[in-house]
There are 2 protein chains.
Amino acid sequence: MRIEDEIHQKNFKDDYRRLLANLLFTNNWLNQQLMPFFKDLGLTLQQHNVLAILRGQQPDPVCFGDIQNRMVDRNSNVTRLIDKLIEKGYVTRDICQTNRRMIEVRITEPGMRKLGQVDENFPKLFAKLHNLTQEEAVLVSNLLDKLRG
Amino acid sequence: MRIEDEIHQKNFKDDYRRLLANLLFTNNWLNQQLMPFFKDLGLTLQQHNVLAILRGQQPDPVCFGDIQNRMVDRNSNVTRLIDKLIEKGYVTRDICQTNRRMIEVRITEPGMRKLGQVDENFPKLFAKLHNLTQEEAVLVSNLLDKLRG
DNA sequence: GTACATTACTTGTATATACAAATATTCAAG
DNA sequence: CTTGAATATTTGTATATACAAGTAATGTAC
């Protein structure tokens, strides 16, 4: 459905304004697909992002700063995110012995199992993006890279 | 900058996962451009969105439901948004006399002037989107329309 | 014309976000 | 070896969001 119809706006002053509205609207649409998906699995999008980062570095730990730099959403409060993940038993935190300002975060076995469970369900999530062909997905992605400069 | 470099991830399992990360990351990037822009002008993105909708219907009023349906961000709480805009003197609210469940919202003269001030500053905001050519902007926008189905 | 569903908006609340200030450790200069 | 700057994380707080429940007016069936 065209963005004009989605937000009941007949036309835009120029193509950049249409793009801006479209990016914001599409992000909202995307969040409405993602939030219930992760909620059903007992995670938030950001919590999943952290777990995936930790799995990627296994068996090495990752410190808060590195987690922040690798997150898709840079505004997340890593301290509080990790608190939640510890509550759920999916990660551990230890003070780094070589630099005691830093915190070493590691994913636990239950955390790995939870990620595995998410992976099993991913196909039904990604099915929602398959209105685009693979070539179109690559094209949009590259243009977004270009947009950010 | 490629999304792989932005979030320090060597590669993605497939092009749809790369697209998903890229859409979310780009939205965060976009918000970091938009938020200070509107903050400097004493508005939030959603407040501006409402004002623009009201100007579009002038001199007719717009009810809450219609505002919601035309907003880029459908999750906004229109009641509280309007409360803020009344506080600032940019809109008025009246009970609709033909259907007293409905609220008629209208933009005020100060609201129009504020919108005018935003318009004056828009070029410097949209400059940030000009890493894409006009053709590319159209292309991305159309592909986003297609993505949502 | 009364009862029940529907519509339109409001309120409450738990959680999340943005952003600034605080703490605690290490580094670096003299 | 002390002082001040830099780094890494934590805490505080005001505002925003998601979502469920509440209220009030209208529509509809009998």
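Values reported hereafter were calculated over all heavy atoms of this structure, with side chains retained and with hydrogens, waters and symmetry mates removed. Naming: A, B, ... by sequence-line order, numbering from 1 per chain.
Residue-level contact check: B:N99 touches the backbone only, with heavy atoms under 4.0 Å from sugar-phosphate atoms and none from bases. Residue-level contact check: B:S76 touches neither bases nor backbone, having no heavy atom under 4.0 Å from any strand. Residue A:R74 is out of contact with every strand shown, counting any heavy-atom pair closer than 4.0 Å.
Minimum interatomic distance between B:P36 and B:N31 (heavy atoms only, all atoms of both residues): CD-O, 4.1 Å.
When rounded to the nearest whole Å, the span between CD1 of B:I103 and C1' of C:dT10 equals 10 Å. Whole-Å rounding puts the A:M102 CE to C:dT23 C1' distance at 17 Å. If you take CG of B:L81 and C1' of C:dT11, they are 15 Å apart, rounded to a whole angstrom. Taking atom CD1 on B:I67 and atom P on C:dC9, their separation rounds to 8 Å, with Å as the unit. Whole-Å rounding puts the B:I82 CD1 to C:dT11 C1' distance at 16 Å.
For the pair A:D145 (side chain) and B:I3 (backbone), a donor-acceptor distance under 3.5 Å is present. Judged by distance alone, with hydrogens and angles left aside, the side-chain atoms of A:Q47 form no donor-acceptor pair with the main-chain N or O of A:K84 at under 3.5 Å. No donor-acceptor distance shorter than 3.5 angstrom exists from the side chain of A:K146 to the backbone of B:E136, with no hydrogens or angles considered. In terms of modelled atom types and a separation under 3.5 Å, the side chain of B:Q97 and the main chain of B:I95 share a donor-acceptor contact.
With the nearest nucleotide of DNA chain C identified for both A:D73 and A:Q97, A:D73 has the one nearer the 5' end. Nearest-nucleotide assignment on DNA chain D puts the 5′-proximal partner with A:N77, out of A:N28 and A:N77. Heavy-atom distances to DNA chain D give each of A:R93 and A:M35 a nearest nucleotide, and the one nearer the 5′ end belongs to A:R93.
Bracketed by its first and final contacts, the part of DNA chain D lying under 4.0 Å from non-hydrogen atoms of chain A reaches from D:dA6 to D:dC19 in 5' to 3' order.
Each of B:R18, B:K10, B:R17 was evaluated against B:E4; a single residue qualifies, B:R18, per the salt bridge (Lys or Arg N to Asp or Glu O under 4.0 Å) test.
Ring geometry for A:F38 against A:F122 counts as perpendicular: the plane angle is over 60°, on a 0 to 90° scale with 30° as the lower cut.
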